[in-house]
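No experiment lies behind these values; they were computed from the predicted model shown. Indexing begins at 1, ligand by ligand and atom by atom, following the structure's order.
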Amino acid sequence: MSRDPVADLRRIAFLLERANEATYRVRAFRSAANALAAMPGAEVAERSRAGKLTELAGVGDVTARCVAESLAGEEPVYLRRLVATEGTDLDAEAAALRAALRGDCHTHSDWSDGGSPIEEMALAAVELGHEYLVLTDHSPRLKVARGLTADRLRRQLDQVAQLNEALPEGFRILTGIEVDILADGSLDQDEELLARLDVVVGSVHSGLNDDRAKMTRRMLAAIANPHLDILGHCTGRMVLSRPAGVTGPGDRGHRARSRPESNFDADAVFAACVEHDTAVEINSRPERQDPPKRLIRRALEAGCLFAINTDAHAPGQLDWQRFGCERAARCGVPADRVVNTWSADDLVAWTHS
Ligand SMILES: [Zn+2]
Ligand SMILES: [Zn+2]
């Protein structure tokens, strides 16, 4: 028994509006509803079967999928997710998620483009109540960020081992890297080192304008690499909005410039993340907010794991996890799907599995 797709789209728009979502996001559902309301039901069904709904002005991939689900008699997953979080206190949900986090899997020190020594970052993490901090300085090709050569990374590993001797009981620095995903999808560090590290975050920092097919291939190759554990800030976007007074060494003194999302096949990328057990990062930096909520929802539906990270470049920025938690809570991400709610031992057991 099929449902009324127009009613479902309008219901989604209503719930998004009530959740105070961005106007353009709501408009996508309202304009799709209007486009379909003007058309005989049989034609809507025929176009949906033929995959031709998106040829209509106002209908995009996400809305077309909702329509297909309605016509199949299912409550669209997008709607189901909104209904599931309806009436819950999002502030309380976000706070609960933040309270469940035991560590941070993406942070920088002054070994690359961070502003503080490793020890200061670690002590700030202890103050925040973390049980671990994964140190993920940049890889060699990212020269502007003083990416670490293999030799420097080896020296850093020695220093981390020393620091861990002196840090409070119950806390440790985990070793890691934010490795560049190169043009061909390979990772910018020696295999042997990547294998040694506790956590490998991989991010695209160059060629962000690659066309869709190339970017998708590149990301899929990186995700298939057994060393990659977390896919960092997957769209590479920069949004302008930033809370007043939020600056830090990692911002290199500039106001963030806006940058559009990279273009890739999100369904293929998230399916690969599930297949290869790679977590999708929810990057908490106010100027990144990456991925956007519509993609967090898609990754959630695909079955992905997540990591809610700060990408901190200074100690105070370690407290930015609440921004990521707010966005994750709005999308209904449950705590048990977030790898940094796990203990350090469980996290490392997962990255090495
Ligand atoms: Zn990065
Ligand atoms: Zn980073």
Side-chain angles (χ1 to χ4, degrees), residues 103-118 121-122 124-125 133-148 152-153 156 173-183 185 187-189 194 197-210 215 218-219 222-223 228-239 242 246-252 254 256-262 264 269 278-292 295 306-321 323-324 339-340:
D104 195 327
C105 298
H106 184 170
T107 69
H108 299 273
S109 74
D110 62 3
W111 282 63
S112 66
D113 62 345
S116 297
I118 301 169
M121 295 296 287
L133 179 81
V134 186
L135 179 64
T136 56
D137 277 313
H138 288 286
S139 65
R141 306 273 180 109
L142 204 60
K143 293 215 164 60
V144 290
R146 300 181 56 237
L148 275 61
R152 285 182 70 218
L153 180 53
Q156 185 182 65
I173 304 167
L174 298 179
T175 60
I177 187 171
E178 183 183 13
V179 67
D180 265 46
I181 295 174
L182 300 174
L187 303 181
D188 179 30
Q189 189 49 276
L194 292 176
L197 297 169
D198 292 321
V199 178
V200 175
V201 177
S203 309
V204 172
H205 289 120
S206 60
L208 289 155
N209 298 326
D210 278 358
M215 182 60 89
R218 192 177 167 188
M219 294 172 82
I223 292 163
L228 189 79
D229 303 310
I230 299 172
L231 179 64
H233 51 69
C234 66
T235 78
R237 75 171 183 173
M238 290 282 180
V239 292
R242 150 184 307 185
V246 173
T247 54
D251 304 319
R252 298 184 205 102
H254 300 296
R257 279 165 306 217
S258 79
R259 184 167 66 209
E261 295 170 26
S262 293
F264 58 91
V269 163
T278 301
V280 174
E281 175 180 77
I282 296 177
N283 188 296
S284 303
R285 292 191 69 82
E287 79 278 18
R288 284 196 184 274
Q289 300 179 33
D290 196 3
L295 291 184
F306 296 91
I308 302 177
N309 294 333
T310 61
D311 196 357
H313 286 67
Q317 296 177 2
L318 289 169
D319 205 15
W320 284 354
Q321 269 177 331
F323 300 139
V339 298
N340 47 330

* Asked: Which distance, rounded to the nearest 0.5 Å, do you find between the OG1 of T136 and the CD1 of I230?
  -> 8.5 Å
* So what's near the Zn ion (ligand 1), protein N, O or S atoms under 2.8 Å? -> E178 OE2, H205 NE2, H233 NE2
* Heavy-atom closest contact (V134 atom, T175 atom, distance) -> CG1-O, 3.8 Å
* Is the closest side-chain donor-acceptor distance between N283 and D311 under 3.5 Å? -> yes
* Among H106, H138, E178, the one residue meeting side chain to side chain donor-acceptor pair (under 3.5 Å) with S203 -> E178
* State which residue, out of S262, P260, P292, fulfils the side chain to side chain contact (heavy atoms under 4.5 Å, CB included) condition with R237. => P292
* Structure fact -> Here the N/O/S atom of H108 closest to the Zn ion (ligand 2) would be NE2
* Taking only Lys NZ, Arg NE, NH1 and NH2, and the carboxylate oxygens of Asp or Glu, determine whether D180 and R141 approach each other closer than 4.0 Å. => no
